[in-house]
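As the structure is a computational prediction, the values presented were derived from the model and not from experiment.
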Amino acid sequence: MTRQTQGLLLAFLGAVLVRLSITDAYLRYVTPWMKWPLLVSGLVLLALALGPALGLSGREGPAGDHGGHAHRVPVVTWLLVLPGLVTFVVSPPELGSYLAERRSGDTVAAPRPATVADLDASQGPVKVAVSEFVWRAQDGGSTLEGQPVRLVGFVSYGDAGAWYVTRLTIGCCAADALAYQVQVEGAERPARDRWVQVDGVYATGTGTDLATVPVLDAETVTEVEAPARQYE
């Protein structure tokens with residue numbers, strides 16, 4: 001691999017990072033605060049690529065030597081192209097039901113959210129994050145009783161025709177994703193991975209321990225567009 005080729009490879013990787021950060025596609029892989037580190041990293045790679053790509057990194061001899069010393073870049077460096085090609089060509093989607101259904105047996109204790117919804121039964125359905133709904137149920141469920149809520153998430157399936165409104169949370173990146181599910185009863189099961197808005201009421205006593213999931217008795221189920229930020 002020549003110096004010029006090395007520079008082009010750096011430029012390609014830098015362009016991938018810049019594209020991900022400015023199009024919000026990075027939200028498929030990492031948390032929102034990573035936008036600026038990714039953008040800066042991409043710009044740095046583009047800057048570093050200028051010298052080798054334009055042949056400004058020093059004078060080479062006829063055999064590609066630098067001061068009499070051969071400079072070779074390992075061929076394995078080409079493997080760095082693969083993640084970028086996957087990102088540009090395949091554009092992997094966000095994690096969805098495939099992951100959630102395979103982790104449905106995992107014991108997940110929902111932490112108390114930094115901010116919680118202001119529940120008021122007199123105001124009609126209140127939008128509540130799926131992870132917050134699970135936390136409230138695991139906390140005994142008393143704050144959910146009689147409170148119409150609105151959950152938004154993607155559809156995942158369970159056994160015996162059960163289905164769930166599901167959201168994933170990530171701490172740093174998609175590799176540490178956790179799935180939170182609320183079983184929906186009283187409504188037809190939509191297609192897997194469809195995004196839905198479900199209005200309903202908490203089924204008292206469900207999901208109060210880690211062995212079971214909370215249940216929402218649905219009043220309406222509406223298909224919606226996937227949000228730009230799909231992880232809670």
Has Gln197 got a side-chain atom pairing as donor or acceptor with Leu151's backbone, closer than 3.5 angstrom?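 Pair absent, no side-chain N/O of Gln197 close to backbone of Leu151.
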
Judged by atom type as modelled, is there a donor-acceptor pair below 3.5 Å linking the side chain of Thr208 to the main-chain atoms of Gly140?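 Pair absent, no side-chain N/O of Thr208 close to backbone of Gly140.
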
So which heavy atom on [X] is nearest to which on [Y], and how close?
{"X": "Ser41", "Y": "Leu17", "result": "CB-CD1, 4.0 Å"}
{"X": "Ala109", "Y": "Leu210", "result": "CA-CD2, 3.8 Å"}
{"X": "Gly200", "Y": "Leu216", "result": "C-CD1, 3.6 Å"}
{"X": "Gln230", "Y": "Trp195", "result": "OE1-CZ2, 3.4 Å"}
{"X": "Val126", "Y": "Ala117", "result": "CG1-CB, 4.3 Å"}

Side-chain touch [X]/[Y], heavy atoms, less than 4.5 angstrom:
{"X": "Thr212", "Y": "Thr206", "value": "no"}
{"X": "Val213", "Y": "Tyr164", "value": "yes"}
{"X": "Leu119", "Y": "Val128", "value": "yes"}
{"X": "Val134", "Y": "Pro214", "value": "yes"}

Name all residues meeting the side-chain hydrogen bond (donor to acceptor under 3.5 Å, both in side chains) criterion together with Arg167; count only those two or more places apart in sequence or in a different chain, and write none if there are none.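 Counting only residues at least two positions away or on another chain, Arg167 forms no side-chain hydrogen bond (donor to acceptor under 3.5 Å, both in side chains).
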
For Thr166, give me all partners under side-chain hydrogen bond (donor to acceptor under 3.5 Å, both in side chains), at least two apart in sequence or on another chain.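 If we apply the side-chain hydrogen bond (donor to acceptor under 3.5 Å, both in side chains) test to Thr166, skipping adjacent residues, the hits are Ser156.
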
Which residue pairs satisfy the salt bridge (Lys or Arg N to Asp or Glu O under 4.0 Å) criterion with at least one member in residues 181-193, sequence neighbours excluded?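 Listed by first then second residue: Glu101-Arg192.
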
Can you run down the salt bridge (Lys or Arg N to Asp or Glu O under 4.0 Å) pairs that involve residues 198-219, sequence neighbours left out, and say none if there aren't any?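 Matches after skipping sequence neighbours: Arg150-Asp199.
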
Just jot down the side chain to side chain contact (heavy atoms under 4.5 Å, CB included) partners of [X], sequence neighbours excluded, or say none.
{"X": "Thr23", "result": "Arg19, Ala25"}
{"X": "Pro37", "result": "Trp33"}
{"X": "Val221", "result": "Trp163, Ala187, Pro190, Val196, Val198, Ala218"}
{"X": "Asp120", "result": "Ser122, Gln123"}

Please go through Val116's hydrophobic cluster and name the other residues, only I, L, V, M, F, W, Y counting, with side-chain heavy atoms under 4.5 Å joining them.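 Besides Val116, the cluster holds Trp135.
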
If you group Ile, Leu, Val, Met, Phe, Trp and Tyr whenever their side-chain heavy atoms sit less than 4.5 Å apart, what else falls in with Val18?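 The other cluster members (ILVMFWY side chains, heavy atoms under 4.5 Å, direct or chained) are Ile22, Trp36, Leu39, Leu43, Leu46.
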
I need the [X] [atom1] to [Y] [atom2] distance, nearest 0.5 Å.
{"X": "Phe133", "Y": "Gln147", "atom1": "CZ", "atom2": "CD", "answer": "10.0 Å"}
{"X": "Glu132", "Y": "Thr143", "atom1": "CD", "atom2": "OG1", "answer": "8.0 Å"}
{"X": "Ser142", "Y": "Tyr202", "atom1": "OG", "atom2": "OH", "answer": "9.0 Å"}
{"X": "Ser131", "Y": "Arg136", "atom1": "OG", "atom2": "CZ", "answer": "11.0 Å"}

If Ile, Leu, Val, Met, Phe, Trp and Tyr residues are connected whenever their side-chain heavy atoms lie under 4.5 Å apart, and connections chain through other members, are [X] and [Y] in the same group?
{"X": "Val130", "Y": "Val215", "answer": "no"}
{"X": "Tyr98", "Y": "Val165", "answer": "no"}
{"X": "Val152", "Y": "Phe154", "answer": "yes"}

Not counting sequence neighbours, which residues clear salt bridge (charged side-chain N to carboxylate O under 4.0 Å, His left out) with Arg229? List them please.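 Arg229: no salt bridge (charged side-chain N to carboxylate O under 4.0 Å, His left out) contacts found.
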
For Tyr180, give me all partners under ring pair (Phe, Tyr, Trp, His ring centres under 6.0 Å), at least two apart in sequence or on another chain.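 For Tyr180, no residue satisfies ring pair (Phe, Tyr, Trp, His ring centres under 6.0 Å) once neighbours in sequence are set aside.
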
